[in-house]
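Heads up, the thing below is written out as structure tokens.
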Amino acid sequence: MVDLSTQYLGMTLKNPVIAGSSGFTSSVEGIQELEKNGAAAVVLKSIFEEEIAFEYNDILKEASGAGVNLDQFDYYDFHIKGEKLNRYTALIEESKKAVSIPVIASINCVYSHEWTSFAKRLQTAGADALELNMFFLPTDLGRTSEEKEKAYFQIIEKIQKEVTIPIALKISYYFSNLGSMIQKLSETGIAGLVLFNRFYSPDFDIDKMEVISSNVLSSPSDLSISLRWIAIMAKRVSCDLAASTGVHDGVALIKQLLAGADAVQVASTLYLNGTSRIAEMLKTLEEWMGKRGYGSLADFKGTMSQARSSNPAAYERVQFMKHFAGLS
Ligand SMILES: Cc1cc2nc3c(=O)[nH]c(=O)nc-3n(C[C@H](O)[C@H](O)[C@H](O)COP(=O)(O)O)c2cc1C
């Protein structure tokens with residue numbers, strides 16, 4: 001028997017596969033199914049500031065159509081936010097009763113700092129850890145990257161004052177100096193970094209002349225960006241690392257562990273291959289470890305990170321050069 005356990009965010013997980021934030025983690029039933037199929041932890045579907053804003057706008061439209069006095073806006077604001085939060089805290093409480101794996105709450109920090117005060121309620125509801133899904137698309141051309149990056153540190157500092165549970169930060173790779181940013185974020189006292197989130201991206205329907213959503217789900221080839229950066233940053237950060245995006249099977253899981261990930265998060269593969277894919281991934285990992293005589297993840301984790309590589313330049317190569325010369 002091989003030992004698949006891993007340490008992540010100060011918790012011992014029974015294996016390195018976490019069900020990432022998605023529709024599967026938005027209900028107790030979904031979370032139970034993930035546990036049954038071997039998930040070592042779940043990250044709940046994020047609570048979204050935008051989502052509340054949409055709900056709020058709809059109700060306001062209805063209210064003003066019905067001749068409701070605008071003075072009541074504050075009431076609606078308070079009421080809707082309260083309702084949404086109550087549903088979220090109930091999901092945490094009920095999931096904690098229904099499963100024995102860690103339940104990680106997730107907050108989507110898009111615009112404001114308002115969310116920091118809600119974090120405490122998620123901790124009180126029983127969340128084992130908190131993942132901050134943080135991303136500001138750098139479209140404000142008048143602000144420098146330094147100004148934009150400051151917002152990440154300010155939010156971390158504010159949330160750290162609110163909760164004592166471990167905090168993980170899920171980021172994108174849109175930073176002008178990505179490696180340095182990852183390192184600095186890891187030194188803020190957060191317990192983990194999730195590399196990387198995948199975002200809604202626009203596409204065009206050229207018949208209807210409309211903006212539509214492009215591929216929502218990742219494909220296995222999307223693994224390469226997180227694989228490269230996990231490999232480059234492993235051993236150079238002061239917190240745990242979870243790999244996210246493009247982990248679709250057991251081979252991808254093994255690659256991320258070799259790169260130095262402490263855990264992986266999966267979402268798209270659950271939609272494409274079903275939740276039983278987690279059990280299949282764990283079987284592949286177990287068999288591979290058995291074949292190579294590894295007894296635990298520590299026997300091989302990070303052995304292909306850049307820091308331990310005999311060919312560190314391979315991780316930094318960005319131009320194709322001769323490999324694809326025949327493809328012109
Ligand atoms: C349908 C769907 C819903 C998602 N919802 C969230 C979310 O609420 N919060 C979040 O941080 N990530 C969310 N994600 C992103 C995933 O957690 C994950 O980071 C991303 O899909 C990349 O991993 P993958 O290649 O395994 O899908 C969602 C992904 C999908 C496909």
Side-chain angles (χ1 to χ4, degrees), residues 8-9 20-21 43 46 48-50 106-113 115-116 130-160 166-202 214-215 218 221-247 256 259-265 267-268 302 305-307 309 312-319:
Y8 181 62
L9 310 184
S21 183
V43 183
S46 303
F48 273 75
E49 189 169 356
E50 276 166 304
S106 168
I107 301 181
N108 177 253
C109 315
V110 187
Y111 303 116
S112 75
H113 298 188
W115 287 104
T116 53
L130 178 64
E131 188 177 282
L132 302 178
N133 162 18
M134 212 186 286
F135 180 53
F136 314 108
L137 191 73
T139 49
D140 178 357
L141 306 185
R143 292 175 69 207
T144 64
S145 25
E146 215 168 41
E147 283 173 305
K148 284 169 188 161
E149 287 166 5
K150 218 188 247 172
Y152 288 79
F153 295 95
Q154 285 168 342
I155 290 188
I156 291 171
E157 207 182 315
K158 278 191 105 178
I159 297 238
Q160 280 170 329
I167 297 168
L169 190 67
K170 187 180 190 186
I171 57 169
S172 78
Y173 43 83
Y174 289 103
F175 289 105
S176 47
N177 191 353
L178 181 58
S180 161
M181 186 68 179
I182 291 173
Q183 195 169 52
K184 282 193 214 141
L185 288 169
S186 82
E187 289 163 0
T188 56
I190 58 169
L193 275 162
V194 183
L195 311 182
F196 297 104
N197 205 344
R198 176 180 168 82
F199 299 98
Y200 169 91
S201 297
S214 66
N215 297 330
S218 69
S221 64
D222 291 322
L223 182 77
S224 53
I225 298 178
S226 59
L227 187 66
R228 165 179 267 165
W229 284 100
I230 292 281
I232 290 175
M233 297 314 298
K235 316 274 177 205
R236 293 187 174 133
V237 287
S238 306
C239 69
D240 298 334
L241 288 178
S244 166
T245 298
V247 182
Q256 292 287 14
D262 298 292
V264 303
Q265 293 193 2
S268 294
S305 61
Q306 189 183 34
S309 167
Y315 298 76
E316 290 170 17
R317 185 175 298 140
V318 288
Q319 306 297 348

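Predicted model only: the values in this text are computed from it and were never measured.
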message = Before you tell me yes or no, could you show the steps for L223 and Q256 under side chain to side chain contact (heavy atoms under 4.5 Å, CB included), namely the whole-Å CA-CA distance, both residues' side-chain angles and the distance that decides it to 0.1 Å?
response = CA-CA 9 Å; L223 182 77; Q256 292 287 14; 3.3 Å; yes
If you round to the nearest 0.5 Å, how far is [atom2] of [Y] from [atom1] of [X]?
X	Y	atom1	atom2	result
I171	Y152	CD1	OH	7.5 Å
I230	L195	CD1	CG	4.5 Å
L132	I190	CG	CD1	8.0 Å

task = Report yes if the side chains of L178 and F196 come closer than 4.5 Å at any heavy-atom pair, otherwise no.
result =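 Result yes, sub-4.5 Å side-chain heavy-atom pair found.
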key: Steps toward side chain to side chain contact (heavy atoms under 4.5 Å, CB included) verdict (E149, S176)   = CA-CA 10 Å; E149 287 166 5; S176 47; 3.8 Å; yes
key: Candidate list L193, D262, V194, test side-chain contact (heavy atoms from CB on, under 4.5 Å), partner D240, passing option   = D262
To check you understand the geometry: which heavy-atom pair defines the closest contact between [X] and [Y], and what is its length?
X	Y	answer
R228	Y315	NE-O, 3.0 Å
K148	R143	NZ-O, 3.5 Å
S106	S46	OG-OG, 2.6 Å
L241	M233	CD1-C, 4.2 Å

task = Could you walk me through whether I156 and I167 pass the side chain to side chain contact (heavy atoms under 4.5 Å, CB included) test, one step at a time?
result = CA-CA 9 Å; I156 291 171; I167 297 168; 5.8 Å; no
inquiry  = Apply side chain to side chain contact (heavy atoms under 4.5 Å, CB included) to residues E131 and N197 and explain how you reach the verdict.
reply    = CA-CA 12 Å; E131 188 177 282; N197 205 344; over 6 Å; no
